[in-house]
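Presented below is the structure to which this report refers.
Nothing fancy with the numbering, it's 1 onward along the sequence.
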Amino acid sequence: QVQLVESGGGLVQAGASLRLSCVVSGRTINDDAMGWFRQAPGKEREFVATISYGGGNTNYADSVKGRFTISRDNAKNMVYLQMKSLKPEDTAVYYCAGRTTPGYASFEEDYAFWGQGTQVTVSS
């Protein structure tokens with residue numbers, strides 16, 4: 001059974017930084033692309049960032065480009081999302097997701113495994 005568990009969310013002020021972590025169990029992610037998505041209250045879940053299996057290729061939503069950085073540590077079976085210069089509009093539940101193929105992707109339907117999410121709240 002594959003499980004993804006996110007952590008690192010919280011309540012911060014605008015301009016602050018947070019680092020989200022996602023640990024995967026039940027499956028080695030060495031050959032899997034991974035991603036982060038988020039869902040704000042009253043909105044659909046949206047793509048945030050994705051990273052290829054080896055970490056050499058990444059892609060970001062325009063809304064977070066230059067502020068967020070996705071990374072991974074395959075030895076620890078973990079994925080991270082470093083978030084800087086947070087804005088109130090970044091408030092959402094953040095989800096870690098895993099593919100079963102090496103190439104990154106930006107669409108929910110391309111991901112096979114999902115975590116339960118971690119809440120990020122940014123106050124103004």
Side-chain angles (χ1 to χ4, degrees):
Q1 181 180 357
V2 180
Q3 287 190 314
L4 286 69
V5 179
E6 304 94 336
S7 62
L11 171 62
V12 296
Q13 290 189 331
S17 299
L18 276 177
R19 187 197 195 203
L20 304 184
S21 299
C22 171
V23 59
V24 181
S25 60
R27 179 181 176 90
T28 300
I29 66 170
N30 290 18
D31 298 323
D32 299 341
M34 302 292 294
W36 287 93
F37 290 76
R38 68 186 182 186
Q39 186 168 20
K43 295 187 177 181
E44 294 186 350
R45 189 156 57 185
E46 65 176 4
F47 165 73
V48 175
T50 182
I51 187 166
S52 61
Y53 75 106
N57 293 293
T58 58
N59 192 32
Y60 298 89
D62 288 343
S63 59
V64 307
K65 204 169 291 184
R67 299 188 299 122
F68 291 10
T69 303
I70 188 171
S71 62
R72 63 190 297 156
D73 185 339
N74 286 348
K76 295 182 179 179
N77 236 35
M78 293 190 71
V79 183
Y80 306 97
L81 185 68
Q82 178 68 52
M83 305 185 294
K84 298 180 180 180
S85 302
L86 283 162
K87 305 175 181 180
E89 50 264 43
D90 293 318
T91 295
V93 177
Y94 284 71
Y95 297 91
C96 177
R99 303 197 71 198
T100 57
T101 57
Y104 68 55
S106 306
F107 298 99
E108 288 188 51
E109 54 265 33
D110 293 323
Y111 288 81
F113 309 108
W114 292 85
Q116 294 298 308
T118 185
Q119 177 71 47
V120 172
T121 304
V122 184
S123 63
S124 56

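- Of the inter-residue distances, the one linking Asp110 atom CG with Tyr104 atom OH reads 12.5 Å to the nearest 0.5 angstrom.
- What you find for Ser124 and Pro88 is that their closest heavy atoms are CB-CG, 3.8 Å.
- In this structure, CD on Glu108 lies 8.0 Å from CD on Glu44, to the nearest 0.5 angstrom.
- Think of Phe113 as one node in a network of Ile, Leu, Val, Met, Phe, Trp and Tyr side chains linked at under 4.5 Å; its network also takes in Val2, Leu4, Val12, Leu18, Leu20, Val24, Ile29, Met34, Trp36, Val48, Ile51, Tyr60, Val64, Phe68, Ile70, Val79, Leu81, Met83, Leu86, Tyr94, Val120, Val122.
- In this structure, Glu46 places its CD atom where more than 12 heavy-atom neighbours from other residues, nucleotides or ligands lie under 6.0 Å away.
- Using a distance-only test at 3.5 Å, with no hydrogens or angles considered, no donor-acceptor pair links the side chain of Asp90 to the main chain of Lys84.
- A side-chain donor-acceptor contact under 3.5 Å links Tyr111 to the backbone of Ala105.
- Annotation: salt bridge (charged side-chain N to carboxylate O under 4.0 Å, His left out) contacts of Glu89 (sequence neighbours excluded): none.
- Hydrophobic cluster of Leu11: no remaining members, since no ILVMFWY side chain lies below 4.5 Å from it.
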Legend entry - Residues Asp62, Lys65; criterion salt bridge (Lys or Arg N to Asp or Glu O under 4.0 Å); working and verdict: CA-CA 5 Å; Asp62 288 343; Lys65 204 169 291 184; 3.1 Å; yes
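- Thr118 approaches Gly8 most closely through the heavy-atom pair OG1-N, 4.3 Å.
- Contact record, Ser85 with Ser17: N-OG, 4.3 Å, taken as the closest heavy-atom pair.
- Contacts classified as salt bridge (charged side-chain N to carboxylate O under 4.0 Å, His left out) and involving residues 12-30 (residues at least two apart or in different chains) are given here: Arg27-Asp32.
- Considering only residues two or more places apart in sequence or on other chains, Phe47 meets the ring pair (Phe, Tyr, Trp, His ring centres under 6.0 Å) condition with Phe37.
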Inset, instruction - Any chance you could lay out the side chain to side chain contact (heavy atoms under 4.5 Å, CB included) test for Arg45 and Trp114, step after step, and finish with the verdict? - result: CA-CA 12 Å; Arg45 189 156 57 185; Trp114 292 85; 3.6 Å; yes
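- More than 12 heavy atoms of other residues, nucleotides or ligands shown are found within 6.0 angstrom of CD on Glu109.
- In this structure, Cys22 SG and Arg72 CZ are separated by 10.0 Å, a value rounded to the nearest 0.5 Å.
- The shortest side-chain heavy-atom distance between Ser71 and Gln82 does not fall under the 4.5 Å cut-off.
- The backbone N or O of Gln116 sits less than 3.5 Å from a side-chain atom of Glu6, completing a donor-acceptor pair.
- Residue Phe107 shares its hydrophobic cluster (ILVMFWY side chains chained together at separations under 4.5 Å) with no other residue.
- Within the 4.5 Å cutoff, the side chain of Arg38 has heavy atoms near those of the Ser63 side chain.
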